Amino acid sequence: QGFASGVVNLGEIEVFKVTRFEFIWSSAILDPNKPVIFYKPVEIPNSFHILGHYCQPSDKPLRGFVLVAKETGTRLPETNEEKSPLRNPLDFKLVWSSNPPDNLEISSGCGYFWLPEPPEGYKAVGYFVTEKPDKPELDEMCCVRADLTDKCEPYRVIFAVGSRNPEFSLQVWSSRPCDRGMLGKGVSVGTFLCSSGLSNGEEDHIACLKNLNPLLPSMPNLQQIHALINHYGPTVFFHPDEIYLPSSVDWFFNHGALLYQKGVPKGEVIDEAGSNLPCGGSNDGEFWIDLPSYNDLRDFLKHGDLKSAKLYVHVKPALGGTFTDIAMWIFAPFNGPATLKIGIKNIPLSKIGEHVGDWEHFTLRICNFAGELYSIYFSQHSGGEWVDAFDLDYIDGNKAIVYSSKCGHASYPHPGTYIQGSSKLGLGIRNDAVRSNFSLDSSIHYEVVAAEYLENVVDEPNWLQFMRKWGPKIVYDSKTELDKIINALPRMLQHSMRNLFDKFPVELYGEDGPTGPKEKNNWINDERW
């Protein structure tokens with residue numbers, strides 16, 4: 001069907017992902033240590049038009065893309081436009097050149113950056129780069145009708161050239177749509193943004209595309225979702241000393257988890273399906289889940305049950321339906337205490353970091369043009385990181401490895417010790433991630449619990465609608481424990497350590513269970529990146 005067919009229909013235009021490029025210019029002449037290469041897309045199908053050029057650092061595999069576009073011949077009623085979706089620019093304006101302006105001779109190895117000047121009612125969605133000072137031909141690229149575009153923003157600096165004269169400085173960024181997430185319509189073109197003293201802020205004139213096709217024809221169907229998970233599903237490795245392992249939700253309910261209500265001292269047994277959990281609403285503090293008070297049963301539940309554990313999968317559109325995000329949620333009945341690292345010294349904390357119920361996740365981003373794994377997002381406490389597919393560890397074929405940190409269950413792409421704090425000073429909360437005999441294969445042990453774009457296809461479990469906390473809120477005096485640690489340090493470190501503790505997440509200073517996946521910000525919005 002539409003998924004992995006090579007093209008994506010955005011309504012009035014259709015886009016094709018180009019991954020073949022021709023070299024134009026390298027910044028090595030200016031910065032041999034971190035050269036950036038600028039490319040022109042090639043092998044473009046008939047009737048498709050270039051929208052902009054591509055660049056990337058030379059030390060990474062050439063695995064990027066730019067989109068080219070053609071008109072579908074369809075006019076959407078909501079656009080109410082008679083103008084053609086695509087038009088050539090009226091002119092090109094020189095934004096920056098590596099050739100000094102007082103140099104009248106054309107030196108070899110120069111790069112010239114051009115901003116297309118679109119007709120009225122149109123937007124440029126990319127820049128053009130040449131190796132000669134001659135303007136590009138007007139028919140070499142197209143601009144897009146403004147109502148078919150969306151706002152984009154600078155993301156990461158790729159290349160920067162300083163100059164004593166600000167007019168001759170340049171910064172090049174990768175870009176991303178402002179409107180992202182499950183409901184976002186912004187489509188990344190793969191081009192870059194420029195800012196120079198000559199451009200006068202014209203980087204704001206560059207836009208991204210907008211998907212106005214409500215059918216999202218390039219998203220995978222349920223059978224394709226299962227095929228993707230079976231093919232790409234990572235294996236999660238837990239620390240060899242991990243004692244707080246995950247479990248399935250129904251195992252947690254079956255073995256004694258209780259539902260509590262504000263003002264009612266006794267908890268209610270939760271049935272296997274969670275059908276007696278209050279659904280909907282918000283996290284208002286009226287209800288919460290807790291472990292039973294009997295010590296033996298409480299300790300038993302804390303340790304989880306790896307044999308029953310599975311990944312709970314939420315499938316959703318990303319970047320305007322040109323990518324698919326497969327968010328994989330894992331549940332652990334208990335989050336263990338943190339370990340503080342101060343230089344070469346490790347200090348296990350008695351309670352700080354503990355809480356009942358722990359929901360963590362990682363997300364596979366799949367390219368809807370070709371069905372390829374593009375990157376994986378690793379959620380790490382209050383943040384996370386996207387890692388490109390070429391930079392992951394793999395265990396079997398195209399199945400990556402996710403390393404879960406000891407006690408806290410944060411996800412990491414590679415084994416090691418990660419510091420939540422200051423790695424430079426060696427001060428912070430320690431997150432240890434390493435391979436062991438404790439593992440969970442998400443390509444086998446999973447359950448698709450939500451895919452809203454597939455209307456009435458996936459039945460969401462009742463427990464997913466529970467919007468309250470999966471653990472009680474308990475405030476304890478962590479300040480005493482932390483003060484003892486700080487006061488035992490050399491005076492030169494005490495101030496740095498106090499500042500560091502002030503930046504730690506609030507959950508480190510008391511037990512406070514998390515909300516379930518559907519109450520998380522990234523259920524609808526994009527990941528934090």
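We count residues from 1, following the sequence as given. The model shown is predicted, which means the values in this text are computed figures rather than measured ones.
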Contact summary for D179 and G184, nearest pair of heavy atoms:
OD1-CA, 3.4 Å
Can D432 and T417 be said to form a side chain to side chain contact (heavy atoms under 4.5 Å, CB included), step by step?
CA-CA 5 Å; D432 292 295; T417 298; 2.8 Å; yes
Would you call E452 and E460 a side-chain contact if the rule is heavy atoms closer than 4.5 Å?
yes
Would you say that more than 12 heavy atoms from the other residues, nucleotides or ligands in this model lie under 6.0 Å from the CG of N437, or not?
no
Output for pair (L373 CG, H231 NE2), nearest 0.5 Å, gives 8.5 Å
Could you tell me whether the side chain of T324 reaches within less than 4.5 Å of the side chain of P220, counting heavy atoms only?
yes
Between H53 and V129, which heavy-atom pair has the shortest distance, and what is it?
ND1-N, 3.0 Å
N-O pairing of E153 and R180 below 4.0 Å
yes
Has the side chain of D325 got a donor or acceptor atom that lies under 3.5 Å from a matching backbone atom of A327?
no
Pick one: which of F23, F21, F128 meets ring-ring contact (aromatic ring centres under 6.0 Å, His included) with Y54?
F21
Counting N and O atoms only, with roles assigned by atom type, does the side chain of T72 sit under 3.5 Å from a partner on the main chain of E12, one being a donor and the other an acceptor?
yes
Should K93 and E117 count as an ion pair when the cut-off is N to O under 4.0 Å?
no
Short question: side chain of S379, backbone of E360 - any donor-acceptor pair under 3.5 Å?
no
Side chain to side chain contact (heavy atoms under 4.5 Å, CB included) between L364 and I376, intermediate numbers included
CA-CA 5 Å; L364 282 63; I376 293 181; 4.2 Å; yes
So do the side chains of F378 and V402 get within less than 4.5 Å of each other, counting heavy atoms only?
yes
Please evaluate residues H226 and Y446 with respect to the criterion ring pair (Phe, Tyr, Trp, His ring centres under 6.0 Å), reporting the C-alpha separation (whole Å), side-chain torsions for both, the decisive distance (0.1 Å), and the verdict.
CA-CA 10 Å; H226 288 300; Y446 72 91; 5.7 Å; yes
Got a second to check how far I24's CD1 is from Y39's OH, nearest 0.5 Å?
10.0 Å
Can you give me the closest heavy-atom contact between L311 and I330, atom names plus distance?
CD1-CB, 3.8 Å
What do the steps show when you test D393 against Y403 for side-chain hydrogen bond (donor to acceptor under 3.5 Å, both in side chains), and what is the final call?
CA-CA 10 Å; D393 288 353; Y403 298 91; 3.1 Å; yes
Does a side-chain heavy-atom distance below 4.5 Å link Y412 with S405?
yes
Evaluate the side-chain proximity of L306 to P246: yes if any heavy-atom separation is below 4.5 Å, no if none is.
yes
What are the two closest heavy atoms between N431 and A410, and how far apart are they?
OD1-CB, 4.5 Å
Got a second to check how far Q171's CD is from C194's SG, nearest 0.5 Å?
10.5 Å
Shortest non-hydrogen contact from L90 to P118?
CD1-O, 4.0 Å
Enclosure of D459 CG (heavy-atom neighbours >12, cutoff 6.0 Å)
no
Taking 4.0 angstrom as the limit, do E527 and R365 come out as a salt bridge?
no
Atom CD1 in I429, atom OG1 in T339: separation rounded to 0.5 Å?
8.0 Å
Atom pair OG1/CG of T515 and N521 - distance to nearest 0.5 Å:
10.0 Å
Is the centre of the F192 ring less than 6.0 Å from the centre of the F159 ring?
no
Kindly say whether V36 contributes a backbone atom to a donor-acceptor pair with the side chain of S27 at under 3.5 angstrom?
yes
Of all heavy-atom pairs between Y127 and V95, which one has the smallest distance, and what is that distance?
CE2-CG2, 3.9 Å
Is atom NZ of K185 surrounded by more than 12 heavy atoms (other residues, nucleotides or ligands) closer than 6.0 Å?
no
With distance as the sole test, does S442 use its side chain to make a donor-acceptor pair with the main-chain N or O of P234 at under 3.5 Å?
yes
With no hydrogens and no angle check, is any side-chain donor or acceptor of S98 less than 3.5 Å from a backbone partner on G111?
yes
As a quick check of understanding, evaluate side-chain hydrogen bond (donor to acceptor under 3.5 Å, both in side chains) for S84 and E71, giving each step before the final call.
CA-CA 8 Å; S84 161; E71 299 180 11; 2.5 Å; yes
Does a side-chain heavy-atom distance below 4.5 Å link F92 with P116?
yes
Donor-acceptor contact present, side-chain T191 to main-chain L51, <3.5 Å:
no
Flag, side chain of S174 to backbone of R156, donor-acceptor distance under 3.5 Å:
yes
Centroid-centroid distance, H314 to W523, less than 6.0 Å
yes
Show, in sequence, the C-alpha distance, side-chain angles and deciding distance for F113 and W25, and conclude whether the side chain to side chain contact (heavy atoms under 4.5 Å, CB included) test is met.
CA-CA 10 Å; F113 289 68; W25 180 71; 3.9 Å; yes
Sub-4.5 Å side-chain heavy-atom contact between R528 and N522
no
Tell me, yes or no, whether the heavy-atom count around R20 atom CZ, taken from other residues, nucleotides or ligands under 6.0 Å, exceeds 12.
no
Geometric class of the Y312/W359 ring pair [parallel <30°, tilted 30-60°, perpendicular >60°]
perpendicular
Looking at D391 and K60, is there a salt bridge between them, counting it only when a charged N and a carboxylate O are closer than 4.0 Å?
no
Centroid-centroid distance, H409 to F331, less than 6.0 Å:
no
Is any side-chain heavy atom of V315 closer than 4.5 Å to one of L454?
no
Kindly confirm or rule out a cation-pi arrangement of K17 over F65, judged by NZ or CZ under 6.0 Å from the six-membered ring centre and within 45° of its axis?
yes
Test side-chain hydrogen bond (donor to acceptor under 3.5 Å, both in side chains) on T322 and N368 and set out the steps.
CA-CA 5 Å; T322 55; N368 288 354; over 6 Å; no
Could you walk me through whether D147 and R145 pass salt bridge (Lys or Arg N to Asp or Glu O under 4.0 Å), step by step?
CA-CA 6 Å; D147 61 318; R145 206 175 69 219; 2.7 Å; yes
Distance (rounded to the nearest 0.5 Å) between N88 CG and C142 SG:
4.5 Å
Going through the distances and angles, do I326 and V313 end up as a side chain to side chain contact (heavy atoms under 4.5 Å, CB included)?
CA-CA 7 Å; I326 301 178; V313 177; 3.6 Å; yes
Is it the case that the side chain of E519 and the backbone of G516 share a donor-acceptor pair, with hydrogens and angles ignored and the cut-off at 3.5 Å?
no
